[in-house]
Structures are given as structure tokens and as C-alpha cells.
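What follows is one structure encoded as C-alpha cells, with my remarks underneath.
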Amino acid sequence: MRLTICSLSFSVLLFHLFPSKVTADDFPPIVQSDRGMVVCVNPEASDAGLAILKSGGNAVDAAIAVAFALAVTFPEAGNIGGGGFMMVWPGNSAGSNDPKNAQPVCIEYRETCPAAVGRDSFIKEFRQEGHHTVGVPGTVRGLALAHEKYGKLPWKNLIAPAIQLAREGFPVDAVLAAGLNRLNQQTQAFPEFRRVYGKANQVPWKEGDLLVQPDLAATLTAIATDGPDAFYTGAIAQKLVAEMQAGGGYISSEDLANYRANIRQPVHTTYRNHDVYAPPPPSAGGTQLIECLNILEQYDLSKSGPKSSRTAHLLAEAMRRAGADRVRHQGDPAFTSVPLQLTTKEHAKRVSQSLRMDQATRSEELAPDLKLSDEPPSTTHFSVVDGNGMAVANTYTLQNSYGSRVVVRGAGFLLNNEMTDFNWRPGVTSRDGRVGTEPNVMAPGKRMVSSQCPTFVARDGKLRLVTGSPGGRTIPSTVLCVVVNVIDFGMSVRDAVDAPRWHHQWFPDRLQFERLGDPAYATLMNELRQMQHEFGNEVKQLGDGYRRQGDAHSILIENGKTFGASDWRRTRGKAAGW
Ligand code: DON
């Protein structure tokens with residue numbers, strides 16, 4: 001066993017209380033391991049996954065344990081009431097010589113639209129939280145499908161760490177304490193939220209307090225004992241439907257009973273002698289990432305380096321084009337045909353014809369066929385590899401932080417507000433970024449388009465990078481930045497995660513940059529302005545005035561060694577290896 005922790009000091013307390021000036025000293029250590037690694041946003045959940053690896057579980061077993069643990073310790077986005085995408089790299093543990101079994105797969109467990117909702121149901125609805133925003137949850141079916149296909153250890157062993165964390169409690173960190181205090185002030189309309197996540201007499205949480213969740217422990221115990229049916233047709237389903245009826249939500253018992261997770265073939269491209277795999281529709285994020293890489297491959301980025309206006313310009317122009325294609329084409333493939341050509345090199349060549357090296361394209365020019373009239377979120381991503389070369393990249397979400405704010409009465413878990421990922425107002429696509437195109441309008445049973453993009457990068461058939469991120473529409477941009485940092489600029493996983501990130505999503509026609517306003521980047525920004533890029537950071541700025549884009553807990557495998565880097569942008573996270 002070998003475990004090396006580089007000796008970067010980490011000023012935990014200071015960073016948690018005041019995520020202001022983040023310096024190299026604040027970055028969590030890079031962790032190296034030979035026998036397996038879990039990198040995620042929460043230390044208790046990383047440890048739960050590592051314990052499963054140590055007890056003989058594979059990467060999928062560990063990922064399932066992490067996902068259930070995060071539903072307890074990271075209620076902002078960890079969930080059983082939401083949905084997501086799990087990419088599985090079967091590695092050597094596939095146990096078969098059939099090359100098909102060695103191909104990565106995507107387990108898609110995206111939420112669906114309840115049967116009682118029609119395309120125009122939300123036209124006059126502006127509330128982003130509450131019972132009406134809840135899509136039929138996919139997480140429990142998705143994790144069960146992953147277990148059925150790849151799991152090694154018994155299902156109930158994988159939920160045991162989460163049950164223990166819920167029953168015995170865990171110490172909240174400063175970020176969770178602040179989040180719960182903020183939410184408890186804002187959620188007068190959600191008494192069950194306040195009962196489950198509030199302290200007695202609504203005394204504020206402080207770092208180190210124990211959060212105990214007995215209802216959630218009982219719910220998880222039912223799922224551990226009776227399997228996913230407890231959630232979809234059993235006592236938990238009854239509580240969920242009663243909650244919907246009490247609060248004016250749409251989900252019925254049939255919606256829950258009919259929910260299925262899917263195994264899908266990832267989208268794929270080659271990029272500078274690497275293979276890149278990402279989730280297919282109903283994730284748009286995977287296709288956007290692949291389209292960006294295909295565009296960028298035509299230019300030598302290493303020539304200009306990571307901190308040049310040429311590189312930033314090319315990233316922006318690639319993101320802008322992929323963003324426009326998303327709006328035009330992306331929807332649930334069961335309802336709309338998403339053109340396969342979007343991930344081809346020919347398509348990248350075609351859309352690059354309008355790309356000028358000296359000047360930003362106006363987003364409007366990319367949408368002559370779209371009628372244009374004049375998105376605080378949270379998701380979480382984690383990466384796992386085991387000692388047999390199996391790996392998991394999993395991103396899942398409740399959509400906004402703490403989702404719809406609806407906690408199922410007596411069951412102790414939060415429900416998503418994923419319905420807000422549909423195009424609410426058909427026909428209204430605006431320059432401020434609202435999308436009303438047809439492929440993603442609501443329909444019963446349909447999956448809403450997602451940006452989630454858990455990703456694998458391989459070389460010569462061997463896995464090199466496992467990454468992904470939260471961040472809504474910025475997700476494929478964050479993943480693109482990490483991939484390019486590794487492949488084009490040869491960065492270590494630590495540097496690739498830490499480097500400032502770019503984002504462009506077509507509309508609003510503005511380039512976002514994490515270090516906007518940092519004097520160290522003044523020259524670069526001026527050069528981009530001369531090319532007529534406009535800047536604006538949509539996401540609220542934090543602490544030091546710089547915004548944070550994403551939270552990319554990543555693993556890089558180099559020369560047989562596994563390196564993990566947790567991202568510091570949301571909380572400290574943890575890379576746990578052995
Ligand atoms: O699936 C999606 O694209 C969104 N629901 C993700 C939301 C998100 O990433 C919020 N996180 N920061």
C-alpha cells in the first residue's frame with residue numbers, strides 16, 4: 001500500500017469561514033494511490049466509498065455508497081429525490097473477453113415529466129421551487145441498475161454507511177451550516193424542511209454541530225432491505241405521492257411505478273490521440289463537450305498556451321457554437337431526434353467555417369433560423385477508480401441547491417426541482433439566455449435536457465482522466481477546460497482543476513471568466529475585448545469578488561499511478577485513496 005500526500009498546507013478554518021483570497025496554500029492536497037481512489041465534495045462520503053473499496057467492493061459499489069452517503073451529508077445536491085448520469089468504465093473487472101463488455105456505458109437516471117403535465121402547463125408559472133417543480137426522481141432506480149449490472153457486494157452493504165451517517169449524525173461543516181441557516185430563513189413555506197434541517201427553536205447551525213436525520217435513516221433502511229421498489233411502489237412511494245397531493249404537485253403512483261433508468265451508449269470522439277466518452281442525450285452536456293473538442297482539434301492550442309487570448313478566444317468560439325446547437329436540437333431522444341452528426345468531425349469543420357481568429361462571432365449570426373426575443377443551482381460530481389481499473393464518473397443533482405425545498409413528510413429526503421430544466425415557455429428564446437425551442441418542451445414521460453457531463457478520457461484503450469462538474473449550463477465548459485488543460489497543456493490534475501475557467505453558452509452573448517477583474521489577467525482581457533468579446537459573469541461572485549465555476553473532483557492516471565484532486569470551489573472535498 002502506498003499513499004503519498006503532498007505537503008501543501010491547508011488553512012481549513014480560514015477558507016471555510018471566509019472563502020475569500022484562495023491561494024495555492026488553500027488547495028487541497030493531491031493524493032496518490034495504487035489501489036483505488038474516491039474524490040468527492042464531502043469527506044464523510046469519500047471515506048464511505050473508500051471503506052467499500054477496502055472491503056472488496058469495486059468502483060461501482062463504491063460509487064453507490066458515495067451517492068447514498070452524499071444524500072445524507074450533502075443535502076444541497078446529494079440525493080435520492082433527484083437524478084443524474086453515471087458513466088462506468090468496466091476496466092479489467094468486466095470478467096469477460098467480449099470487447100463489448102469493456103466499452104464504457106452510461107447509466108442514465110434523469111428525472112421524467114409527470115403524466116399530468118402538458119407542454120403549456122408552466123407558461124404562467126414563475127416559481128422555481130415548490131411541489132409543481134418536481135420531476136419523477138431517478139436516482140434510486142439508477143443506482144440499483146448500476147448495482148444489478150456491475151455490483152459485487154450486497155446492495156444493503158452499500159447503503160449501510162449512509163444509514164449510519166443519518167442515524168448517528170455527522171458534524172456539519174461551515175459551508176453546510178451557512179447553507180442550512182440561509183435556507184431555514186427562506187423556507188417559511190416549507191415547514192417540513194425546517195423541521196428536518198432546522199435546529200430546535202430555529203437556533204442557527206454552527207460548524208461542528210451534529211446533524212441527525214432519523215426519518216432519512218428509516219427511508220434508507222427500507223431501500224436497503226426491500227430494494228428500489230420500496231421507493232417506487234412501496235411505503236416511500238405512498239409518502240411521496242401524499243406529499244404531492246398535499247402541496248399541489250403532479251407526481252402520481254403510476255409515474256413512480258413507471259419510472260425506468262436506462263443504459264445508454266456514451267457519445268465519443270477522438271481528440272489528439274485520446275478517446276473521450278461522455279453522456280448522450282438527454283444530456284446535452286456530453287454532446288457539447290464532444291463538439292467543442294472536435295472544433296478545437298483543428299487548432300494547435302499548445303502553441304498559444306493556457307493563458308493566451310488565442311486559446312481563450314478559441315474556447316469561447318467552440319462553446320458558443322456547441323451552445324447554439326444544443327438549443328436548436330437537444331431533447332429527450334425518445335421524443336425528438338437529436339442529429340448524430342453533432343458529434344462528428346465533419347460537423348465541427350462546417351460550424352468552424354464562420355470562426356475568425358481575430359474577431360468574436362456574434363451569437364446571433366449562428367441562429368438565423370431561430371426567432372429571438374429580447375439560470376442559483378447545485379449539483380455534485382464524484383470520481384472513483386478501483387484497483388482493477390474499473391472507474392465511475394457520476395454527476396447527480398436536485399437542480400437548484402436543496403432542489404424544490406420540498407422534503408417528503410416523514411421520509412426525510414428532499415425532492416428535485418428538475419422540471420425547471422424544461423423549456424417552460426415554448427417559442428420564447430431570448431438574448432438573455434431563455435430557451436423555448438421545441439425539442440425540450442414538456443411532455444408526459446419526457447426527460448428534461450441536462451448539462452451534466454461525467455467524462456472519461458482514455459489513451460490507447462487505457463483510462464487517463466475521470467472528471468465532471470456541477471454548474472448548470474457551465475458544466476460542459478468546465479469539463480472542456482479540465483480536459484484541454486490535461487491533454488493540450490500537460491497539466492497535473494491539481495493544476496488542471498485549479499486553473500481559472502471559461503464559459504460561453506451562446507446566449508447571453510457574453511464570455512464568462514473566473515478571474516474577471518483580476519489585474520494579473522488585464523492584458524489578456526484587453527486583447528479579447530479588442531476581438532469584440534463581451535464579458536459578464538452570470539453567477540454570483542463570492543468572497544474575494546471572483547466567481548467560481550463548477551466543482552470538478554477529478555482523477556488522473558499517469559504511468560500506472562492514480563492521482564486525485566478534489567476541487568476547493570464549493571467546499572474542501574476529499575480525495576481518499578489507499
Ligand atoms: O441537469 C442539469 O443540467 C441541471 N439540472 C444541473 C444543475 C446544476 O448543475 C446546478 N449546479 N450547480
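Just so you know, ligand 1 is whichever comes first in the structure, and atom 1 is the first atom listed for that ligand. Computed from a prediction, not measured in an experiment: that's the story for all the values here.
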Can the ring centres of [X] and [Y] be said to be less than 6.0 Å apart?
| X | Y | value |
| --- | --- | --- |
| Y277 | H268 | yes |
| F231 | F413 | yes |
| H132 | F122 | yes |

- In this structure, CZ of F85 is separated from OG of S450 (nearest 0.5 Å) by 4.0 Å
- Item | Distance-minimising heavy-atom pair for E76 and L398 | O-CD1, 3.9 Å
- Tightest non-hydrogen contact, residues A63 and F382, listed as O-CZ, 3.4 Å
- Heavy atom of R110, distance to ligand 1 below 4.0 Å: yes
- Within-shell test, Q549 vs ligand 1, heavy atom, strictly < 4.0 Å: no
Atoms in ligand 1 with a heavy atom of [X] nearer than 4.0 Å:
| X | answer |
| --- | --- |
| E418 | 1 (O), 4 (C), 5 (N) |
| G471 | 8 (C), 9 (O), 11 (N), 12 (N) |
| I475 | 9 (O) |
| S451 | 1 (O), 2 (C), 3 (O) |

- Query: Is M448 touching ligand 1 with its side chain, its backbone, both, or neither, if touching means heavy atoms under 4.0 Å apart?
  - Reply: neither
- Message: Please state which option from D421, T420, T397, T395 has its nearest heavy atom closest to atom 4 (C) of ligand 1.
- Response: D421
- Parallel, tilted or perpendicular, as decided by the 30° and 60° cut-offs, for the rings of F513 and W502: parallel
Mind checking whether [X] has an N or O less than 3.5 Å away from an N or O of ligand 1?
| X | result |
| --- | --- |
| R570 | yes |
| P470 | no |
| V449 | no |

- Does any non-hydrogen side-chain atom of T380 lie less than 4.5 Å from one of T395? no
